[in-house]
*Asks:* 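Before anything else, here's the structure in question.
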Protein chains: 2
Amino acid sequence: MNIWMRPERPARGPRPAYSRAQITEAAIRIADAEGLEAATMRRIATEIGAGAMSLYRYVPSRDDLIELMADRLMGEIDVDGLPSGDWRADLTRYADGMRAMWLRHPWIATVHRSLPSFGPHQLRVIEGTMGALDAYVSIDENLSLMAILNGYVEGAVREEITRAEEARRSGVSEAEWMARSGPRIQQILDSGQYPMFARIVGEARQLHLDRDEQFRYGLDRVLDCIGAALTARSG
Amino acid sequence: MNIWMRPERPARGPRPAYSRAQITEAAIRIADAEGLEAATMRRIATEIGAGAMSLYRYVPSRDDLIELMADRLMGEIDVDGLPSGDWRADLTRYADGMRAMWLRHPWIATVHRSLPSFGPHQLRVIEGTMGALDAYVSIDENLSLMAILNGYVEGAVREEITRAEEARRSGVSEAEWMARSGPRIQQILDSGQYPMFARIVGEARQLHLDRDEQFRYGLDRVLDCIGAALTARSG
DNA sequence: CCGTTACTGCGTACGACGTACCCAGTGGAG
DNA sequence: CTCCACTGGGTACGTCGTACGCAGTAACGG
């Protein structure tokens, strides 16, 4: 059953010593610092001073807890005052907010969302962002355009996270990464079998931008696309 | 170290009894039938008649094996004859191929790609697809447009997979899913707090399309966007 | 031709993990 | 006050990935 339909605690009995929110917060703290795989049930329980099995009084399973963590993260997305009337500004703010949130909690890239579970914060964000284009397009087109935006943001930030992680691990500065290529990229170039890949490495300018600019460049291309779709509709 | 740089086997010694390809194939077979989590090292070894630890003679770790599996899946994508001159047809063929492949191997949605590891099949597909728009745009724009396309395909198919999985598990036909909503969606509608969500459920026509049509609808919106970007460039 | 050596596949073992189960204690409802 | 539904927590089980060490084998140096 969906975690959001299961009440936190029954009515009767003694006062609970902990809470879902507290457990979720602790788990996020651990995952931020040491990765999601470090947020084991035992570790989380230790963090809040509980016994390992006590967590199961609040949460049916670890997967459900991760669902709670994911929605709690959506709570960090600020959609107050959306829509403002300037759809491009609204969607830029949303995309930047999502990126910043993902970078604060990079482990979110590793969670496999089993089904859209529609937590309250997720729904709040949907209300805010779908409003941005609501005046210009149908619900169906709106959904499609938001799917494009979300797909871009998710893919771009996922790559950024893994690259940053790799750079941190190998001790190489982010700027040197593509230049030095890493042995595998050099091997690919040396093989001579992949001319398009070689041109990407050699010609693509966006690879030399810093990460903020790189994200903004791609985001602007996405918003250009959305803008083109809007003007094609309205005349 | 990257799995693609590590040679399969050294030169000396007795003839190996197995091979990376054989192990990868067995692992994919198990994952297709029972999910990725069923493809444990012991299970894979049993499948090919080997001892559990023998696999480590061929593959450094389970994560690397999953990398091999992922690239092997990209080998199912047909990009022969690309680019054909009709970019829209080319990208449609690519997107349909990716979707079909993902649906054949739904467990791929659960893998966390730690870094783009640039396997040979992955590179082959990049060569084919980047060629489609190469005549019309710069490398940088090409990369951005392909990121948009890939983001859409990945997101759409991921949702499709999880929804199908849920439908199968609950025994409810896919067509009834949105109509019956599931208790959680009904709960959200009843709360009255999410008018945009209610309008999506009530008004969106694409939710009543079958899955193929739904994917095609979204894909056409993406390709419209790409087309708009192309004409904005060329005149 | 024959050690020598570098590999082979494999069995055992370890330290995690998620969580089923059981327990004594507790505090609100009747 | 009595009852009992609930509490937090300890123990235990089955599973995982994989470190390690073994005896057997095939190619190479002489």
Side-chain angles (χ1 to χ4, degrees), chain A residues 1 3 6-28 30-31 33-70 107 110-112 114, chain B residues 1 3 6-28 30-31 33-70 107 110-112 114:
Chain A
M1 194 214 302
I3 179 70
R6 187 181 298 254
E8 170 143 11
R9 306 308 301 271
R12 284 280 298 279
R15 284 288 145 68
Y18 315 106
S19 71
R20 270 190 190 168
Q22 181 187 6
I23 293 170
T24 305
E25 217 63 45
I28 290 175
I30 295 169
E34 308 169 42
L36 185 62
E37 76 285 355
T40 67
M41 297 304 266
R42 292 167 223 261
R43 182 85 167 70
I44 297 166
T46 304
E47 178 86 3
I48 63 174
M53 290 312 293
S54 303
L55 303 188
Y56 287 94
R57 299 282 174 192
Y58 300 84
V59 162
S61 73
R62 183 170 185 268
D63 283 348
D64 287 294
L65 174 55
I66 290 175
E67 209 76 65
L68 293 175
M69 294 164 73
W107 49 268
T110 73
V111 322
H112 168 230
S114 66
Chain B
M1 196 214 302
I3 179 70
R6 187 181 298 254
E8 168 141 11
R9 306 308 301 272
R12 283 281 297 281
R15 286 287 146 68
Y18 314 106
S19 71
R20 270 190 190 169
Q22 181 186 7
I23 293 169
T24 305
E25 218 63 45
I28 290 176
I30 296 169
E34 308 169 40
L36 185 62
E37 77 284 355
T40 67
M41 297 304 266
R42 292 168 223 261
R43 181 88 167 68
I44 297 166
T46 303
E47 178 86 4
I48 63 174
M53 290 311 293
S54 304
L55 303 188
Y56 287 94
R57 298 284 173 189
Y58 300 84
V59 163
S61 72
R62 183 169 185 268
D63 284 348
D64 286 296
L65 174 55
I66 291 175
E67 209 76 64
L68 293 175
M69 295 164 72
W107 49 268
T110 73
V111 322
H112 168 230
S114 65

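A note on names: the letters A, B, ... follow the listed sequences, proteins ahead of strands, and every chain is numbered from 1. Remember, predicted model here, so these are calculated numbers, not experimental data. All values below were derived from every heavy atom in this structure, side-chain atoms included, with hydrogens, water molecules and symmetry-related copies excluded.
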*Asks:* Any chance you could lay out the side-chain contact (heavy atoms from CB on, under 4.5 Å) test for B/M69 and B/W107, step after step, and finish with the verdict?
*Replies:* CA-CA 11 Å; B/M69 295 164 72; B/W107 49 268; 3.7 Å; yes
*Asks:* In whole angstrom, what separates A/Y58's OH from C/dT19's C1'?
*Replies:* 17 Å
*Asks:* What does A/T40 touch in the nucleic acid at a heavy-atom separation under 4.0 angstrom: a base, only the sugar-phosphate, or nothing?
*Replies:* sugar-phosphate
*Asks:* Could you state the CD-P distance from A/Q22 to D/dG8, rounded to the nearest angstrom?
*Replies:* 10 Å
*Asks:* What is the distance from atom CD1 of A/I28 to atom CD1 of A/I23, rounded to the nearest 0.5 Å?
*Replies:* 12.0 Å
*Asks:* Below 3.5 Å between N/O atoms, which protein atoms pair up with nucleotides 18-22 of chain D? Just atom names and distances, please.
*Replies:*
unit_1: D/dT18; atom_1: OP2; unit_2: B/Y56; atom_2: OH; d: 2.8
unit_1: D/dT18; atom_1: OP2; unit_2: B/R62; atom_2: N; d: 3.0
unit_1: D/dT18; atom_1: O5'; unit_2: B/Y56; atom_2: OH; d: 3.4
unit_1: D/dT18; atom_1: O4; unit_2: B/R42; atom_2: NH2; d: 3.3

*Asks:* Using modelled atom types and a 3.5 Å cut-off, is there a donor and acceptor pairing between side-chain atoms of B/R6 and backbone atoms of B/V59?
*Replies:* no
*Asks:* Tell me the interatomic distance from B/E37, atom CD, to C/dG18, atom P, rounded to whole angstroms.
*Replies:* 15 Å
*Asks:* Quick check against the 3.5 Å criterion: does B/Y18 have a side-chain atom that pairs as donor or acceptor with the backbone of B/I48?
*Replies:* no
*Asks:* Could you tell me the separation between the CG atom of A/D64 and the C1' atom of C/dT19, rounded to a whole number of Å?
*Replies:* 13 Å
*Asks:* Residues two or more places apart in sequence or in another chain: which of them pass side chain to side chain donor-acceptor pair (under 3.5 Å) with B/S61?
*Replies:* B/D64
*Asks:* Rounded to whole angstroms, how far apart are CD1 on A/I44 and P on C/dT19?
*Replies:* 11 Å
*Asks:* Nearest 0.5 Å please: distance from the CD1 atom of A/I44 over to the CZ atom of A/R42.
*Replies:* 12.0 Å
*Asks:* Give the rounded distance in Å between these two atoms: CG of B/L36 and P of D/dC16.
*Replies:* 13 Å
